[in-house]
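Step one of this worksheet: look at the structure below.
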Number of protein chains: 2
Amino acid sequence: MITVDLLQKYGALKKSFGKNEIIFEEGNLPSHYYQVISGEVKMSNYNDDGREFIQGIFYKDQSFGEPPLFLNQNYPANAIAVDDSEILLLTKNNFMKLLEENPAVSIKIIENLAQRLYYKSVMAAEMSTQEPEHRVLKLMDHGIAYFNFKKDENGYLINFTRQQIGDLTGLRVETVIRTIKALEKKGILKIINRKVYR
Amino acid sequence: MITVDLLQKYGALKKSFGKNEIIFEEGNLPSHYYQVISGEVKMSNYNDDGREFIQGIFYKDQSFGEPPLFLNQNYPANAIAVDDSEILLLTKNNFMKLLEENPAVSIKIIENLAQRLYYKSVMAAEMSTQEPEHRVLKLMDHGIAYFNFKKDENGYLINFTRQQIGDLTGLRVETVIRTIKALEKKGILKIINRKVYR
DNA sequence: CTTGTTTTATGATTTTAATCATAAATTAGA
DNA sequence: TCTAATTTATGATTAAAATCATAAAACAAG
């Protein structure tokens, strides 16, 4: 999103997080801007009885956790490294200074937030009114355009576990497994030794 | 959000919409920035069998429909006047020029998008993992902070119909009615001649 | 003031995904 | 390389909200 050079010019520091390490927690006040250098980060909530909902997954060059930073509100979710990851951290004050002095970056931030809001809008409508097959397909098709799914001779490889798909769509693993099977039977996607292609 | 003066300086025009009139439709390409002067606007989707999901409701001074404008993508939902409403329209080109020439406005836009993303994040987690009582309460408590609910001697008046609450939370009217009754019985909210207070 | 529409309400029934139970296959870790 | 943990899988059962049916109350429009 923002070039590493520019971030470092304003004092951003690289920090490493091990697999499953917590980057920040729901309820805390934001203090930094975060941008992924390498690895994979998920933002998610856990409800009263431990069930997870994944808000989003972030890869190289993507930033996360800005909304509460701009609003002086607590984080609505946790950020956790899915794999060993390197993250650039810039303090709030320095980040705000960077924005003031680089108006072009503001436009970038706007576009990024707009993209994420667009995704949330589409998924919210899906999750509230559509049946499982519809939800799962929508997530996959969004992922093709937005996450780094790679195409090979079988189509796009949906690089999520059934559990992750469930946590992103609000469905249970068993339901996701059955739904994917049903979609395969209808010829809408392919399953080649347990991997899903679209 | 943006002052009327500034918008008009860039050529924004006032347009009136009657109750239930469509402002823009899902699938169309955005051409303008929209800001409410008076009245009430809802953005919503209709699924395959006509069921509605309300993305958001917008009142005086609030803007809507910007994300796809920034992304050159089609609208993911419809915008409809809930009451007779007056809206300021600014063409995309002029809006972009306004942003370039007024960096402080960019920050305002960022804050606004951040606020909406925050709401969507919270509601997405609620809708996917929580039971009806939890969802309905979360919506109401958000509404108190964000929509223009007014406080009187009975508490905050939840100025939504049961149907609207259902369309915002992904629940059916009957379920909302029963849920609200259950919450009243528990003393979590009040119902005074059919109106809900929190 | 009458009529039509929307909103709130309640009971009975159905449907669908969640839950529960169990296990094979695969992957990760020590 | 052996073991533990995760992922995929499938069948049976349950629970919870959706659906269906029906109606009274409130409101809006003419």
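Since the structure is predicted, the reported quantities are computational estimates derived from the model, not experimental observations. Order of the sequence lines sets the chain letters (A, B, ...), proteins ahead of strands, with each chain counted from 1.
In this structure, Gln130(A) atom CD and dT16(C) atom P are separated by 14 Å, rounded to whole Å. In this structure, CD1 of Ile177(A) is placed 15 Å from P of dT19(C), rounded to the nearest angstrom. Between Glu52(A) atom CD and dT6(D) atom P the separation is 13 Å, expressed in whole Å. Rounded to whole Å, atom C1' of dT10(D) lies 14 Å from atom CD1 of Ile191(A). As rounded to whole Å, 16 Å separates atom C1' of dT7(C) from atom CZ of Phe160(B). Summarising the geometry, the separation between CD1 on Ile158(A) and C1' on dT7(D) is reported as 17 Å, rounded to the nearest angstrom. The distance between atom CD of Glu184(B) and atom C1' of dT10(C), rounded to the nearest whole Å, is 15 Å. Rounded to an integer number of Å, the gap from NZ of Lys185(A) to C1' of dA9(D) is 13 Å.
For the segment residues 164-173 of chain A, the set of residues with a heavy atom within less than 4.0 Å of an atom of DNA chain C comprises Gly170(A), Leu171(A), Arg172(A), in numerical order.
Atom OG of Ser128(B) sits about 8.5 Å away from atom CZ of Arg135(A), to the nearest 0.5 Å.
Contact record, Lys138(B) with Glu126(B): CG-CG, 3.5 Å, taken as the closest heavy-atom pair. Nearest approach of Ile110(B) to Ser106(A), heavy atoms of both residues: CD1-O, 3.9 Å. Pairing each heavy atom of Ala125(B) with each of Gln55(A), the nearest pair is CB-NE2, 3.7 Å.
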After noting the C-alpha distance and the side-chain angles of Phe24(A) and Tyr75(A), does the key distance pass the ring pair (Phe, Tyr, Trp, His ring centres under 6.0 Å) rule? CA-CA 8 Å; Phe24(A) 57 70; Tyr75(A) 281 118; 3.6 Å; yes
Apply ring pair (Phe, Tyr, Trp, His ring centres under 6.0 Å) to Tyr46(B) and Phe53(B), showing your working. CA-CA 6 Å; Tyr46(B) 296 93; Phe53(B) 174 72; over 10 Å; no
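Salt bridge annotation for Lys60(A)-Glu40(A): absent, with no cationic side-chain nitrogen under 4.0 angstrom from a carboxylate oxygen. Salt-bridge formation is detected for the pair Glu66(A)/Arg116(A): a Lys NZ or Arg NE/NH1/NH2 atom is positioned less than 4.0 Å from an Asp or Glu carboxylate oxygen.
Contact check, Thr175(B) against dA18(D): a side-chain N or O comes under 4.0 Å of OP1 or OP2.
With hydrogens and angles disregarded, no donor-acceptor distance shorter than 3.5 Å links the side chain of Ser121(A) to the backbone of Tyr119(A).
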Going 5' to 3' along nucleotides 21-30 of chain C, which nucleotides have protein heavy atoms under 4.0 Å from the base (write B), which only from the sugar-phosphate (write S), and which from neither (write -)? ----SS----
